[in-house]
Amino acid sequence: MAANNRLTLAVPRGRILGELTPLLARADVEPEAAFADEDARQLRFATNQPALEIVRVRSFDVATFVAFGAAQLGVAGNDVIMEFDYPELYAPVDLKIGQCRLSVAEPREIGERDDPARWSHIRIATKYPRITRRHFARRGVQAECITLSGAMELAPGLGLCRRIVDLVSSGATLAANDLVEVEEIARISARLIVNRAALKTRPKEMAGWIDRFREAADAA
Ligand code: PRP
């Protein structure tokens, strides 16, 4: 197959890499050496599969690259998938990596005696304004969101707002900032996402990769 006919897999940078690399190996995808180097400036990586290259982008951008067909395949958390809600994306496989939760947190001294069931209007700092508004609208709470792209945990201490919605894995970041979880919005894990148009125009190759990733996820 010609190099320009390769399929592109978009994966997120950051801490998921440690779990992603063994999953890729089980799918018989071995990226070139620079992929393992977080400091490498290279963004596009060849693999042992001539028909597949990998690009490394920010987690939110994986969904955008795949939705617009710039990458045909991607690895994205259901937090990212839910936030964008792109109709062009299909998420056929739960890869069972990057497991964490999306939660509401607030300062310990408030959280210990607060009852989320009594909220009617709240201000929240988050990277996930759409999920947050949707979640609270469902139970009649008006959520005014202040969108940040990171370091949400700083917001309560600096008086931006009392509450945040963010990913929680070990809980260490919340604890270090004297915050406690008061409500879980969703369980999160990474999914294989695919571009629906690519699924129609290149059905055999795409189905092959979906099966391969499903087997790799099940083999963990
Ligand atoms: C995520 C998240 C929290 C932290 C939670 O950020 O936004 O800050 O991890 O993990 P913990 O419960 O184990 O402490 P990440 O480090 O992935 O980087 P980001 O801020 O770039 O999203």
Side-chain angles (χ1 to χ4, degrees), residues 9-24 35-43 54-67 74-86 91 94-112 114 116 122-136 143 145-193 220:
L9 169 73
V11 306
R13 50 176 79 236
R15 63 166 112 166
I16 199 166
L17 210 62
E19 288 181 280
L20 184 61
T21 305
L23 178 98
L24 289 173
F35 180 72
D37 176 5
E38 281 275 350
D39 297 328
R41 305 307 298 164
Q42 191 179 334
L43 299 172
I54 297 182
V55 295
R56 197 163 62 191
V57 299
R58 283 172 190 256
S59 60
F60 273 55
D61 295 340
V62 169
T64 306
F65 275 90
V66 178
V75 172
N78 52 318
D79 53 330
V80 174
I81 300 168
M82 288 192 289
E83 181 63 17
F84 283 114
D85 212 9
Y86 281 123
D94 183 347
L95 298 171
K96 298 177 209 152
I97 59 172
Q99 290 175 325
C100 57
R101 51 200 186 268
L102 186 66
S103 292
V104 187
E106 60 187 9
R108 182 177 306 282
E109 74 273 14
I110 302 173
E112 277 165 1
D114 200 8
I122 51 171
R123 259 180 128 184
I124 291 207
T126 186
K127 242 188 335 194
Y128 304 94
R130 282 178 268 192
I131 297 177
T132 302
R133 273 194 292 268
R134 234 184 285 143
H135 169 78
F136 284 108
C145 293
I146 301 171
T147 306
L148 295 177
S149 33
M152 264 75 68
E153 293 85 357
L154 280 173
L158 293 177
L160 189 59
C161 54
R162 279 186 191 171
R163 289 153 185 134
I164 66 167
V165 164
D166 196 11
L167 296 179
V168 181
S169 177
S170 65
T173 309
L174 290 184
N177 290 281
D178 217 18
L179 300 170
V180 290
E181 252 178 297
V182 287
E183 188 175 344
E184 183 182 296
I185 296 181
R187 290 268 153 170
I188 306 299
S189 62
R191 316 290 159 110
L192 178 74
I193 57 172

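Numbering of residues begins at 1 and proceeds along the displayed sequence. In each ligand, atom 1 is the first atom listed, and ligand 1 is the first ligand listed.
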Backbone N/O of M82 and side chain of R134: donor-acceptor pair under 3.5 Å: yes

Counting distance only, does the side-chain N/O of E184 pair as donor-acceptor with the main-chain N or O of S103 below 3.5 Å? no

Any protein heavy atom < 4.0 Å from atom 22 (O) of ligand 1: yes

Counting only heavy atoms, tell me which of E153, R58, K127, M152 gets closest to atom 19 (P) of ligand 1. K127

Between F60 and Y128, is the ring centroid distance below 6.0 Å? yes

Are any of the heavy atoms in G171 under 4.0 Å away from ligand 1? yes

List ligand 1 atoms under 4.0 Å from D166, heavy atoms only on the residue side. 2 (C), 3 (C), 7 (O), 8 (O)

Regarding R187 and S189, do their side chains bring together a donor and an acceptor under 3.5 Å, going by distance alone? no

Among protein heavy atoms, which sits nearest to atom 1 (C) of ligand 1, and what does the distance come to when rounded to 0.1 Å? R15 NH2, 3.8 Å

Which residue holds the protein heavy atom closest to atom 5 (C) of ligand 1, what is that atom called, and what is the gap in Å? L167 O, 3.4 Å

Which protein heavy atom lies closest to atom 14 (O) of ligand 1, and at what distance to 0.1 Å? T173 OG1, 2.4 Å

Quick check on F65: does its CZ atom have over 12 non-hydrogen neighbours (other residues, nucleotides or ligands) under 6.0 Å away? no

If you measure from atom 11 (P) of ligand 1 to every heavy atom of S170, A175, A176, which option wins on shortest distance? S170

Check whether more than 12 heavy atoms from other residues, nucleotides or ligands sit under 6.0 Å from atom CZ of R58, and answer yes or no. no

Under 3.5 Å between some N or O of ligand 1 and some N or O of L174? no

Would one find more than 12 heavy atoms of other residues, nucleotides or ligands at under 6.0 Å from atom CZ of R162? no

